[in-house]
**Q** 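Mind having a look at this structure? Questions to follow.
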Amino acid sequence: MTNLKWSFGQIWNNSLETRDNERKITPRDYIYASELGGAYIDRFYKMKGVEPSNPPNYRLLRKFEAGNIWEWIVELILRRAGILLDSQEHLDFTYPDLLKVSGRLDHLAGGNPDWDKATEDLNSLNLPEIIKKATNDIFEYLKTNFPNGLETLILEVKSVSSFMFENYLATNEANPNHKLQLFHYLKSKGLPEGHIIYISKDDCRMLEFGVFNPSNIEDIYKKDIETMTKYFREDLEPPKEELIIFDEENLKFNYNWKVGYSPYLTKIYGFKEQMEYQNMFSPVASKWNRVFKRIINGDKMTAKNLEVIEEIKRGFPNLDEYVELAKLKVKQNPEVLNEESKN
């Protein structure tokens with residue numbers, strides 16, 4: 001590295017580590033759509049203008065930029081296809097007597113394009129072959145199946161790690177927070193349907209999930225706003241997040257990502273960084289999961305197992321309810337327990 005005449009990589013890295021347009025933490029009396037479903041205590045501090053004790057590090061900032069790159073690629077394809085109606089439209093919605101929710105949709109798409117011209121325009125661009133082929137296939141599919149044009153949809157693009165992509169693929173469900181965010185845009189514009197698009201940053205695979213309006217998501221959306229409104233207007237600091245949570249879908253205990261990714265991790269929970277918290281509580285969750293599986297299987301409990309059960313019950317007094325839920329799911333599908341619970 002020291003012998004290089006000049007370094008493209010160093011210039012690139014320095015650029016990504018310098019973000020002049022970073023959103024400042026200042027007091028505000030409204031909710032960002034991207035915050036919906038997040039930890040109330042984090043949102044409370046942000047809305048009160050409290051500076052984070054754990055701001056995004058360079059690695060996280062680069063993840064943000066990787067997401068922006070994929071969002072731009074999708075925009076380019078939609079624009080060349082002639083079906084991009086708008087991008088980054090600012091949308092607000094306010095229920096009576098509740099806080100306003102504000103956000104910007106990624107893309108609004110639809111219409112009746114000239115597919116032949118779109119294909120010609122696309123092929124004139126010097127795009128990577130994988131992107132060009134996939135896009136031509138998309139054009140051909142849409143031209144064949146929707147000769148009279150496309151309904152207007154909101155598209156929310158999320159680039160994710162392969163680990164998270166596999167999780168969404170296995171559960172066949174979008175992230176609840178992402179569904180709330182997209183529902184806000186649908187509610188604001190009065191549109192019936194939008195799609196969350198997940199792109200695996202590791203291998204370019206895509207998943208797509210629909211969100212609809214009206215739907216029962218509105219109950220969760222409104223409840224979230226009602227709760228945040230109460231905390232904010234009454235100046236009540238919300239309770240801390242639990243350090244370990246129970247995942248009812250996968251039937252296992254987990255460290256809480258809302259804690260690990262908190263911008264106030266040190267201020268609220270006393271951990272210097274995410275790995276300190278994760279390294280402390282991941283082994284605890286794994287230990288609990290091993291004993292939990294033994295309970296479900298009806299295995300004989302050792303003295304140590306009984307100690308662990310009492311430990312779990314101190315944090316989860318409703319443990320018996322989780323056991324009954326797990327037994328029912330295992331009866332329906334013996335493979336429902338994930339690999340961590342099987343170890």
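In this chain, residues are counted from 1 in sequence order.
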**Q** What's the verdict on side-chain contact (heavy atoms from CB on, under 4.5 Å) for Leu169 and Tyr198, showing C-alpha distance, side-chain angles and the deciding distance?
**A** CA-CA 10 Å; Leu169 183 63; Tyr198 289 115; over 6 Å; no

**Q** Start with the C-alpha gap between Glu166 and Arg205, add the side-chain angles, then the distance that decides, and say whether salt bridge (charged side-chain N to carboxylate O under 4.0 Å, His left out) holds.
**A** CA-CA 10 Å; Glu166 292 295 340; Arg205 286 179 297 166; 2.7 Å; yes

**Q** Given 3.5 Å as the limit, does a donor-acceptor pair link the side chain of Asn305 with the main chain of Val291, or not?
**A**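 Here the side-chain-to-backbone pair does not exist.
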
**Q** If you take all heavy atoms of Asp92 and Ser102, which pair is closest and at what distance?
**A**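 Here Asp92 and Ser102 meet closest at OD1-OG, 2.7 Å.
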
**Q** Determine, for Glu234 against Lys230, whether the closest basic-nitrogen to carboxylate-oxygen distance falls under 4.0 angstrom.
**A**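 Answer for the salt bridge query: yes.
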
**Q** When you group the ILVMFWY residues by side-chain heavy-atom contacts below 4.5 Å and let the links chain together, are Tyr168 and Tyr261 in the same group?
**A**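 No, because Tyr261 and Tyr168 fall into different hydrophobic clusters, even though each may have its own neighbours under 4.5 Å.
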
**Q** Of Leu186, Asp86, Leu85, Ile196, which is the lone residue that meets side-chain contact (heavy atoms from CB on, under 4.5 Å) with Ile154?
**A**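 Of the listed options, the one satisfying the test is Leu186.
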
**Q** Do Ile225 and Leu36 touch side chain to side chain, with heavy atoms closer than 4.5 Å?
**A**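 In contact.
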
**Q** Could you please spell out the steps behind the side-chain contact (heavy atoms from CB on, under 4.5 Å) verdict for Asn148 and Asn112?
**A** CA-CA 7 Å; Asn148 297 320; Asn112 193 3; 5.6 Å; no

**Q** Would you call Cys204 and Trp70 a side-chain contact if the rule is heavy atoms closer than 4.5 Å?
**A**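 Yes, their side chains come closer than 4.5 Å.
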
**Q** Any donor-acceptor pair under 3.5 Å linking the side-chain atoms of Asp116 with those of Thr119?
**A**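 Result is no, nothing qualifies.
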
**Q** State whether the number of non-hydrogen atoms from other residues, nucleotides or ligands found under 6.0 Å of Asp203 atom CG is greater than 12.
**A**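 More than 12 within 6.0 Å, yes.
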
**Q** Would Lys48 and Asp235 count as a salt bridge (charged side-chain N to carboxylate O under 4.0 Å, His left out) if you check the C-alpha gap in whole Å, the side-chain angles of each, and the deciding distance to 0.1 Å?
**A** CA-CA 9 Å; Lys48 295 295 182 179; Asp235 201 26; 3.2 Å; yes

**Q** Go through the side-chain N and O atoms of Asn14 and Gln10 and say whether any donor and acceptor fall under 3.5 Å apart.
**A**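 Gln10 and Asn14 do have a side-chain donor-acceptor pair below 3.5 Å.
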
**Q** I'd like to know whether CD1 of Ile11 has more than 12 heavy-atom contacts from other residues, nucleotides or ligands below 6.0 angstrom.
**A**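 More than 12 heavy atoms, drawn from other residues, nucleotides or ligands, come within 6.0 Å of this atom.
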
**Q** If only side-chain N and O atoms count, and only distance matters, is there a donor-acceptor pair under 3.5 Å linking Glu71 with Asn68?
**A**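 Not at all, the side chains of Asn68 and Glu71 share no donor-acceptor pair under 3.5 Å.
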
**Q** Hydrophobic clustering (ILVMFWY, side-chain heavy atoms < 4.5 Å, transitive) - are Trp257 and Phe316 grouped together?
**A**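 Cluster IDs for Phe316 and Trp257 differ.
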
**Q** Tell me whether Glu151 at atom CD has more than 12 heavy atoms from other residues, nucleotides or ligands lying less than 6.0 Å away.
**A**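 Not buried by this count: 12 neighbours or fewer within 6.0 Å.
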
**Q** Do Val50 and Tyr231 belong together in a cluster built from hydrophobic side chains that touch within less than 4.5 Å?
**A**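 Cluster IDs for Val50 and Tyr231 match.
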
**Q** List the atom of Gln274, the atom of Leu265, and the distance in Å for their closest heavy-atom pair.
**A**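 Looks like N-CD2, 3.4 Å.
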
**Q** Please name the pair of heavy atoms, one in Glu193 and one in His195, separated by the smallest distance, quoted to 0.1 Å.
**A**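 Closest pair (atom of Glu193, atom of His195, distance): OE2-NE2, 2.7 Å.
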
**Q** Can a cation-pi geometry be assigned to Lys187 and Tyr221, taking NZ or CZ under 6.0 Å from the six-membered ring centre and within 45° of the ring axis?
**A**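 No cation-pi geometry.
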
**Q** Is Asp219 salt-bridged to Lys223, cutoff N-O under 4.0 Å?
**A**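 No salt bridge links Asp219 with Lys223.
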
**Q** Working note: Lys46 + Tyr32, criterion side-chain contact (heavy atoms from CB on, under 4.5 Å); need CA distance, chi angles, decisive distance, verdict.
**A** CA-CA 10 Å; Lys46 287 178 181 178; Tyr32 286 127; over 6 Å; no

**Q** Donor-acceptor check, side chain of Asp247 to backbone of Asn250, threshold 3.5 angstrom: yes or no?
**A**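 At least one qualifying donor-acceptor pair exists.
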
**Q** Is it the case that the ring center of Tyr255 lies less than 6.0 angstrom away from the ring center of Phe253?
**A**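 No; Tyr255 has its ring centre 6.0 Å or more from that of Phe253.
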
**Q** Do the non-hydrogen side-chain atoms of Lys158 and Gln181 ever get within less than 4.5 Å of each other?
**A**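 Yes, their side chains come closer than 4.5 Å.
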
**Q** Is it the case that Gln88 and Glu75 place a side-chain donor and acceptor less than 3.5 Å from each other?
**A**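 Glu75 and Gln88 do not have a side-chain donor-acceptor pair below 3.5 Å.
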
**Q** Test your reading of the model: is there a side-chain donor-acceptor pair from Asp121 to the backbone of Arg80, 3.5 Å cut-off?
**A**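 No: the side chain of Asp121 does not pair with the backbone of Arg80.
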
**Q** Test of understanding: clusters of I, L, V, M, F, W, Y form through side-chain heavy atoms closer than 4.5 Å, transitively. Do Leu91 and Leu155 belong to the same one?
**A**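 Leu91 does not cluster with Leu155.
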
**Q** What distance separates Ile220 CD1 from Asn216 CG, expressed to the nearest 0.5 Å?
**A**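 Nearest 0.5 Å value for the CD1-CG distance: 6.0 Å.
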
**Q** Within this structure, what is the CG-OG1 distance for the pair Asp29 and Thr229, rounded to the nearest 0.5 Å?
**A**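 Nearest 0.5 Å value for the CG-OG1 distance: 10.5 Å.
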
**Q** Below 4.0 angstrom, N of the basic side chain to O of the carboxylate: do Glu140 and Lys143 qualify?
**A**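 Looking at Glu140 and Lys143, the cut-off is met.
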
**Q** Have a look at Trp115 and tell me which of Phe139, Tyr141, Phe146 forms a ring pair (Phe, Tyr, Trp, His ring centres under 6.0 Å) with it.
**A**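 Answer to the ring pair (Phe, Tyr, Trp, His ring centres under 6.0 Å) test with Trp115 among Phe139, Tyr141, Phe146: Phe139.
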
**Q** Applying the side-chain hydrogen bond (donor to acceptor under 3.5 Å, both in side chains) criterion to Glu89, which one of Lys189, His107, Arg104 satisfies it?
**A**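 The residue from Lys189, His107, Arg104 that satisfies side-chain hydrogen bond (donor to acceptor under 3.5 Å, both in side chains) with Glu89 turns out to be Lys189.
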
**Q** Would the distance check show the side chain of Ser262 and the main-chain N or O of Lys258 forming a donor-acceptor pair, the cut-off being under 3.5 Å?
**A**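 Pair absent, no side-chain N/O of Ser262 close to backbone of Lys258.
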
**Q** State, yes or no, whether a side-chain contact exists between Glu129 and Lys133 at a heavy-atom distance under 4.5 Å.
**A**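 Side-chain contact under 4.5 Å: no.
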
**Q** What is the minimum heavy-atom distance between Pro52 and Ile25, and which atoms define it?
**A**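 Scanning both residues completely, I find the closest heavy atoms to be CD-CG1, 3.8 Å.
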
**Q** For the pair Tyr277 and Phe281, name the ring-plane relationship: parallel under 30°, tilted 30 to 60°, perpendicular over 60°.
**A**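 Plane angle between 30° and 60°, so tilted.
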
**Q** Do Asp137 side-chain atoms and Ala134 backbone N/O form a donor-acceptor pair below 3.5 Å?
**A**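 Side chain of Asp137 to backbone of Ala134: no pair is present.
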
**Q** Strictly under 6.0 Å, is that where the ring centroids of Tyr40 and Phe44 end up?
**A**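 Ring centres of Phe44 and Tyr40 not closer than 6.0 Å.
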
**Q** Got a sec: does the CD of Glu242 have more than 12 other heavy atoms crowding it under 6.0 Å?
**A**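 Count not over threshold, so no.
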
**Q** I'd like to know if Arg43 and Asp224 make a salt bridge, using a cut-off of under 4.0 Å between side-chain N and carboxylate O.
**A**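 A salt bridge is present here (some side-chain N lies under 4.0 Å from a carboxylate O).
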
**Q** Between Glu248 and Lys329, does any NZ, NE, NH1 or NH2 come within less than 4.0 Å of an OD or OE carboxylate oxygen?
**A**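 Looking at Glu248 together with Lys329, the answer is no, because their closest N to O distance does not fall below 4.0 Å.
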
**Q** At their closest point, which heavy atom of Asp42 faces which heavy atom of Tyr264, and how far apart are they?
**A**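 That would be O-CE1, 3.6 Å.
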
**Q** So, the side chain of Tyr269 versus the backbone of Glu241: is there a donor-acceptor pair under 3.5 Å, distance only?
**A**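 Side chain of Tyr269 to backbone of Glu241, a donor-acceptor pair under 3.5 Å: yes, one is there.
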
**Q** Can you confirm whether Leu99 sits close enough to Met47 that some side-chain heavy atom of one is under 4.5 Å from a side-chain heavy atom of the other?
**A**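 They are in side-chain contact.
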
**Q** Within the 4.5 Å heavy-atom criterion, are Val330 and Asn297 side-chain neighbours or not?
**A**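 SC-SC contact between Val330 and Asn297 ruled out.
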
**Q** Would you call Glu35-Arg28 a salt bridge at under 4.0 Å N-O?
**A**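 Result for this pair is yes, salt bridge flagged.
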
**Q** Mark yes or no for whether Ser282, through its side chain, and Asn279, through its backbone, hold a donor-acceptor pair below 3.5 Å.
**A**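 Such a contact is absent between Ser282 side chain and Asn279 backbone.
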
**Q** Check the hydrophobic clustering (I, L, V, M, F, W, Y; side-chain heavy atoms under 4.5 Å; chains of links allowed) and say if Val74 and Leu108 are grouped together.
**A**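 No; tracing contacts between hydrophobic side chains, which count when under 4.5 Å, never links both residues.
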
**Q** For His184 and Gly103, which heavy atoms make the closest approach, and how far apart are they?
**A**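 Of all heavy-atom pairs spanning His184 and Gly103, the closest is NE2-N, 3.9 Å.
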
**Q** Any side-chain heavy-atom pair from Thr266 and Asn54 closer than 4.5 angstrom?
**A**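 A side-chain contact under 4.5 Å exists here.
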
**Q** Is there a side-chain contact between Phe209 and His178 in this structure, where contact means two heavy atoms from C-beta onward sitting under 4.5 Å apart?
**A**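 Not touching, per the 4.5 Å side-chain cut-off.
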
**Q** Using the benzene-type ring in the case of Trp, are the ring centres of Tyr322 and Phe292 under 6.0 Å apart?
**A**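 No, ring centres 6.0 Å or more apart.
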
